[in-house]
Structures are given as structure tokens and as C-alpha cells.
Peer 1: 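The structure's right below; bear with me while I get my questions together.
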Amino acid sequence: MSQTYDRRKFLAEMLKFPPATIVLGVIGPVKLLAAAGDDDDGYEPTEHYYAMGIRVEECIGCGKCVQACKLENDVPDEPFYFRTWVERYIVYTDGEVQVDSPEGGIHGFPPVADESFPPVADGKEILRTFFVPKLCNHCDNPPCVQVCPVGATFKSQDGVVLVDEDYCIGCRYCIQACPYGARFLDPRTHTANKCTFCYHRITKGLLPACVEVCPTQARVFGEIGDRSTPLNRMMRMSHLEVLKPHMNTEPKVFYTALDGEVR
Amino acid sequence: MIKSLLRSVIALRTWIRGWRRGSSSRKIPTQVIQLGVIFLAVGVGMFLLRQKFVPETFGDLGHYRAAAVAANAELELRYAGWQECAACHPDKVETKNASFHRNVSCEACHGPASDHTNRPMRLRPELPTGREPCLACHRYLASRPTGFPQIIEERHNPVRACTGCHDAHDPTPPESIQECSACHNTIARSKAVSPHAPLDCEVCHDTPAEHKMQPRAHVPKKPFEREFCGTCHARDAQPPEVIRDVDLTVYDIPRIDLITHGGTFVCWQCHYQHSPEAR
Amino acid sequence: MDPEHLAQLESALAHVTGFIYPNEVELHWSILIVIYPYLTGLVAGAFILASLEKVFNVKELQPTYRLALLTALAFLIVAPMPLQAHLGHPERAFEIFLTPNSASAMAMFGFVYAWYLMVVLLMEIWFDYRADLVRWRQSDKGVMKLVHWVVSLGSRDVSPAAVAFDRKAVQFITIVGIPSAFLLHGYVGFIFGSVKANPWWSSVLMPIVFLFSAIVSGISMVLLIYYVTTLLRRKELDMKCLNTLASFLLYALIIDLSLEALDFIHRLYESEESIEILEQLIFGKLFLSLTIVQILLGTIVPMVFLAAARFSELPDEMKRMIYFVAALLVQVGIFSTRWNVVIGGQLFSKSLRGLTAYKLELGGQEGLLVAIGLLVLPFLILALLLKILPPWEEAKTSPEPSEAPLA
């Protein structure tokens, strides 16, 4: 607010001084008015750079994030369209790995193991098992943006990979190029669709819906370089991993306690 | 702009004519001129169309429509955020924020509430009832992190709704928690479902009373040799006092030869003492 | 939402084995995207065949030169149609010319296509036919006169100097055209080969494999068309020409198979994390279309046939039949090559933990009927082109020039 005031005051002062008015008249209006327009909603994208942390060791697989995401972002109900989903990994003692994500985990997960310890499923002893939430990684080096033929998907100034649904031609090259399966074609608009980190929320200072409802703080949202925040603390104190690092996509969704079996 | 283009086309034509007249040996074949005119027309047409149809804000910030950023930010809120709830229900939020559910936001259980916050009297958020809403998080699943409170629904008071004993805003279990588990919850939960459940923490950890006041200054002792585990698990060991009331015909203590078992390793290099898996 | 589409997804979900990401149930690039590289391959292959005659002076191929050019044009006109039909928003396709993303391989499509169509193919055909068009016009009547006038762009000059220039122009355009044809189809291979997220596609060999399979498909298609049109016109097949076509087809097949084998062995030897799922793919869902149709029926059998017929003392009628059957098999093989790349690349999950299914629908925008329509359309266009621009020897208005004026 004070910025707005200062700028207005500055303009008013300038108008009293004739030579300055001339200078302003030539170069001023465009820049100053544009800046004033930005101030109206109080959000300056260049001052932010978003990222998410996922603490695998805290995820309980309740599926509330998947529900909240679908509701908040008007994602189609059918179990073929997800902006975020949860996977369950079961590693058996014989090395076999079983992964499932029934309806993206939106209704949680059915018990597969008995109640013994160590747990046994399908007659085989489980070595370790855990849940992994997935979503768009908002890569710093996004392959989806690289391949979009028309510039309908892009990395915004605040580091969020967005889709322009009024401009997307629906060629689906971005869906092919995403190593994480994070994109789908919206059956209603016939355009690519994906997680936006709840762009309409974070630009208003709110948390993404999935982070808001996560009961165990397995999801941590914040900004890279912002000090004394939960995300900063997590990034400082944990051994961080990203998904498929060999793809060199430089994801901005960071995982702790990520198992080597997770792909 | 069109006028200036036309003018340049005419100029080009005159120049070509002059050039042709000037030197007959370097005459451009008529077919090339015909093609040239067509290509020029197509090229200019494409250029003009492009000028006209490229969206207004395209390229302002990068290779995209800058207006698309605003379009993405326009979506309507469905989840209001717990701060909104706190404005009208400070008592509930205060209770919750002092309880084990301090990190669970209101809308995690009550559903999206922005309809309610916009028109508080007309539209009510969900009021979860029965056991299922709680079981979504607290049903026992092997994949859930060790230490997270989970119940086996068939055995845990199957006839009552959860809220009969637990206040959802302050779900502390009716019986008071053990002293050690207040801080070492993860360990306590693991141990509670393990074969070591009957053992009190003090059986293995000699804990000075001051530990509860100054935990880092007065650290409890930990076993440091194989012989300690051997007091129960060696071939000839007598079951210790503490587990005399456990029926050892149902669950026998695993026995090992203390000399040969496990080579040079100490017990906790292979077994996790708080939930040992050997049977 | 379309309930039919949903039912399709649900039946696909029922066929999933192992684990796939939930968004992967829908298979995005359908039969239409199989047709696209198939058609562009034919274009590039037919053009390269035509250039053999002009640039490399393979005189035996003279009877198929113009036919090959027209074949290339007919297929090139249809090539973008499956792409267009497949878009979620076909009406926005023009954006690819408005704001092409220079980092996107697909965005370059418009430019490669425009370059190839306008600068290479149309110009070569125009220069090659121009003198004929002018002379045909004089004897034409009715609509044909108008058509030929439009196609000749009103050109009138048939002086020896102008005709000589035409020849030089054709020579020059062909030389530019060969790398362009390589570019056109190599680029289609690059669209797939550059997707690092997909281990089945991601290969530096992809553009080259595409290119040689294009040459194979182009030669065999021109052979088939030459065979059929000549028989339909009740003329004699030029056996020298057919033998040469068969030889080139055999050589191209050998290179194509070697490249595919190299790619296969390389993958097997490197044995990256994707090898297990690709193994399941090759020996499961792709066994019929890859091992049996593409490699056995589409490559090895035609190779044996061609080699046997080419280098034996069989009677000409017999040889012809064998060439014809081999070329037909090659077409089936190349189509399944495209299928195995495009559909095969989407049958496994990028989690490398499961397989999904593709069910070809009969009707609908991306169904079998549309696909068949798009495969028949080039032949209709070719028939029209053959009417307007007859490539036959007897239609020519001037004798084939001697070599002297060119040098």
C-alpha cells in the first residue's frame, strides 16, 4: 500500500514542476500507469518463486489432497483425469515391487496386508511399504513447455508451469513429453490441463488446496529462497530428492525419504 | 502500411524491367518472374495476416500470452482456508490448535467452505458423522508411517461412533498417555504393536528422573552389549520378571546361541529393538 | 462429457496390467498419428526415387520420374490432414504459423511442410511440366484448357532458351530437394526421437531409421502404382525399370533392417531401466505387429523374394508378380512400423511398471473409417493429378533432350 501512496505522491509532486511534466508526458504514462495497475491487486510475480516439498514419511494415503484438488480446480470427476494423485508402493522381501493407485487414491486405499508384523500380503512378507503423492513437478527445465508448438504452455515469472486454455490447440505433444504423467486432455475443453499449484490461491496468499487439507503436513508449500518458512526448513534439514533426476528437468517438487523404487 | 508495400512492389517491378532492358544476356526468364510474384504475394499475405492475428499480449513476458497468467489466477475459490474459519469460530480453532489435530485444517474434515464463508447462514459446510470420516486417516494400513495413530476398526470399540469417546477438535485418547510416548511417540507406537509391547521402556533404558526436565542434559542409558539382549534371548536365559504374566506357551521368546549368532555384529545392527521382526 | 469416450476409457482401464500413472489410461496419439508418418514417409521416399533419375542419372527409372513426383504430391497434400483432424482444436491450427515456438520440433512442421510443398515439390513439377502445359493448352478443349492455363500460371514461353532454363531449374531444385526430403522425414523421426520421457521413442537413430523406412516405402509405393497404372492403361511394363526399382528397394530394405537391428541390439546391450518393460511390450502386445508383420512379413520375406527374383533367370511375368507381392508386403510392413512406433510407444507407462491397451474404434473422429478414408484420399488425388498432368511417355510433347545442353 505504501508503495502505491508513494508513487501517487510522487506523481502529484512532479505535476507541480513544469519541466518534469514534460519528461513525464513523454516517458511517464506508460510505465507508471502499468506499474500502478499491478499494484491494484497487490501481487508482483517477479517477487515470488514457488516450490513444494513432499515428506513421503508423513503421507498416510488418506486421499484428501486428491479430493480437494478435484473440487478446487474443477477437475473432471472421472478417474482418468488427475492434477495430483497418490501412489502406494509395496516392496516384498523377494524384491518384487507392487504399485497401485486406485482412482488416484481419491477414496484412500483398501487394506492389502494382514495385521501381523511384519505385514504379509498375497502370502508374501512385506519388506517396506509407503505412499507417495504425485503432481506436476513445475520443472525449471520443463520438457512440456519446450515441445508446445504454439506457446500455449509456459513457465510463469513466479516459476509455475501454466496452460493457456484459450490458446492450446490440443495436439497433446506436451502430454507425451511429460516424464511424470502429470498432464491430461480435459475432455470438456479439449485442451491440455495440469496442476497450477492452485495459481488462483497462491497469488492471493493462500496455500494450494492439497496443502491446505493435508492432515499430516506431508505437503509443504513455499518459495525457494524464502527464509524461515516450513519449506525452507525442510530443504535445509532434509536429504532432498526429485523424481527422475536423470531427465534433467530440474523439478521444483522436492521429496524427502523418497524410495529408490519410486518412478 | 499497405500503401508503402504497394509502392515498394511497383518500385521493384520497374527496377526488374530496367535491369532486363539493360542486359539481354542476363535476362530473367519469364517463368521465374511469374513464380516470384506469386511467392512474394504469398509471403506478404502471410506477413500481414500474422501482424493482424497474433494475440495482443503475446510475447510481453515470454513466448506466451501474458493474459493467460491472469486467466489462470481468476478461478473461483472453493476452499476458504482455516484463517477464514477462525474469524467466526475462534473457540473451535483454538481448541484444535492446541490438540494433536493442530495441523489438520478445518476443511480437511468439513469440506470446501467458501460457499459457507460467502453466505454463512444459507450454506452450511459438511458435518462428518459416523466412523468413516475418521477412519479415512486412522484405519490401520501397513503403508502408513510407523507411529501414526491407527486402529483396527473391528477391534476398536466397533459399536460406537468415534465422537462418543474422542472430541474431533481435541482427540486425545481417554486414558492418559505414557510418559515416554509423550515425546517418543513414533517409537512407542512401533513398540506397542511389536513383540516387545509388554516391556516397559525402563526395562532397557535406565532413565534419570531429570531427563523429563532437561532431556538433553540427562540422557537415558542404552544397552551397549549383546549380553544385555541375551538376558532374555540367550539359550539358557530365564524369562525376566517383567514378562512373567505373559503366556509364553502362545508366544515363545526367540532363543539364540549368544556366541555364534550373528558373528561380530551387535544385536541392533540387524534387529530394530522397538519392533524386532525375528519369530 | 462424451459417454462413448468414457466407456472406451473404462474398457482400456480393464486391460491395464501392472501399474500405470492414472492419467495414462487415455492413449493420446491414435491411428491418425500412425497415418501421418506413413504418408510423409511415402512423400519423402517417392521424391528421393524421382531424384535418383535426375541427379544420379539412373536412366532406367525415367518412366517413373514424373509418376513419382505426382505420387509425392498426392500424399503430401493429404499428410497434414490426419494431424489437423486429430487436434483438440483444429480451428486453432493456424497458431502454429502465428506464434511458432522455436524450441518445439512440432512447430517447425509448418515451415518444413511449406518449404517442401511450395519450394521443392510444386516448383519441380511446375518447371518439369511447364513446356508441356503450354503446348497441351493449344490442343485442349473446354475445362481442360482452363485447368492447364491455371496450372501453367499463364506461362507462354516455349523458346529453346526457356525450356533449357526449365531443365536447369529442375536439376537445381532436385539437388535442393534431396536434403529437403531428408529433412521432411528425418524431422518426423525427430518429433518422436527427441521425446526423452519415452524410452521407446527416445533414440538418436530415430530420424535415420524413419528416413530409410521412408525410402523403402516410397520406392515400393511407386513400383505398385507404376505396375497398376500401366496394366490399367493396357501398356507394356518396362522390365528394365522394374528391375532397377526392385534393386533399389532391396538395397534400401537391407539398410533399413540393419539400422533397426542396430537400434535393437544397442538397446538390449545398454539394458537401461526401461529394458524390462520394453521386453514385455515386444513379446506381448507388439509381438504380432512387430515380430511377425513388421520384421518377418514386411522386411525379411520381401528381401528374400526380391533377391531371388532379381538375381535369377525367372521369366519376366514371374519376376513382375514377385516384385508386386514383395512391394505389397513392404507397404504392410511399413504401416506396421509406424504403428509400432506411435502406438507401441504409448502402450507402456512412463512409470515403466505397466502396460495399457489401445482399442481402435470403427467410427468417430479418430476411428478406422476416417483412417481408411485418409489412406484412400491420396489415391483419388493422384488419379486427378494423372488426369491433369499425365506423366506418361506418350503424353510428352517434345523428345527427351540429349545430355549436351545440360552440361
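Here the structure is a predicted model, which means the values were calculated and not measured. Letters A, B, ... mirror the listed sequences (proteins, then strands); counts begin at 1.
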Peer 1: Could you tell me which portion of Ala152(A) (side chain, backbone, both or neither) has an atom closer than 4.5 angstrom to a non-hydrogen atom of chain B?
Peer 2: neither

Peer 1: Once salt bridge (Lys or Arg N to Asp or Glu O under 4.0 Å) is applied, what residue pairs with a partner in residues 197-211 of chain A remain, sequence neighbours excluded?
Peer 2: Glu72(A)-Arg201(A)

Peer 1: Is it the case that the ring center of Tyr64(B) lies less than 6.0 angstrom away from the ring center of Tyr167(A)?
Peer 2: no

Peer 1: If I measure from the heavy atoms of chain B, does Leu206(A) come under 4.5 Å with its side chain, its backbone, both, or neither?
Peer 2: side chain

Peer 1: Under a 3.5 Å distance rule, please check whether Ser143(B) uses its side chain to pair with a backbone N or O of Arg88(A) as donor and acceptor.
Peer 2: no

Peer 1: In Å, rounded to the nearest 0.5 Å, how long is the span from CZ of Phe131(A) to CZ of Arg144(B)?
Peer 2: 5.5 Å

Peer 1: What option among Pro111(A), Gly108(A), Cys65(A) has the most heavy-atom pairs under 4.5 Å with chain B?
Peer 2: Pro111(A)

Peer 1: Could you go through the side-chain contact (heavy atoms from CB on, under 4.5 Å) check for Arg78(B) and Asn73(A) one step at a time?
Peer 2: CA-CA 8 Å; Arg78(B) 300 290 309 278; Asn73(A) 294 295; over 6 Å; no

Peer 1: Distance from Asp74(A) atom CG to Leu75(B) atom CG, nearest 0.5 Å?
Peer 2: 7.0 Å

Peer 1: Counting heavy atoms not belonging to Arg233(A), are there more than 12 under 6.0 Å from its CZ?
Peer 2: no

Peer 1: What residues of residues 81-97 of chain B make heavy-atom contacts with chain A at a cutoff under 4.5 angstrom?
Peer 2: Gly81(B), Trp82(B)

Peer 1: For the atom pair CZ (Phe154(A)) and CG (Asn72(B)), what is the distance rounded to the nearest 0.5 Å?
Peer 2: 6.0 Å

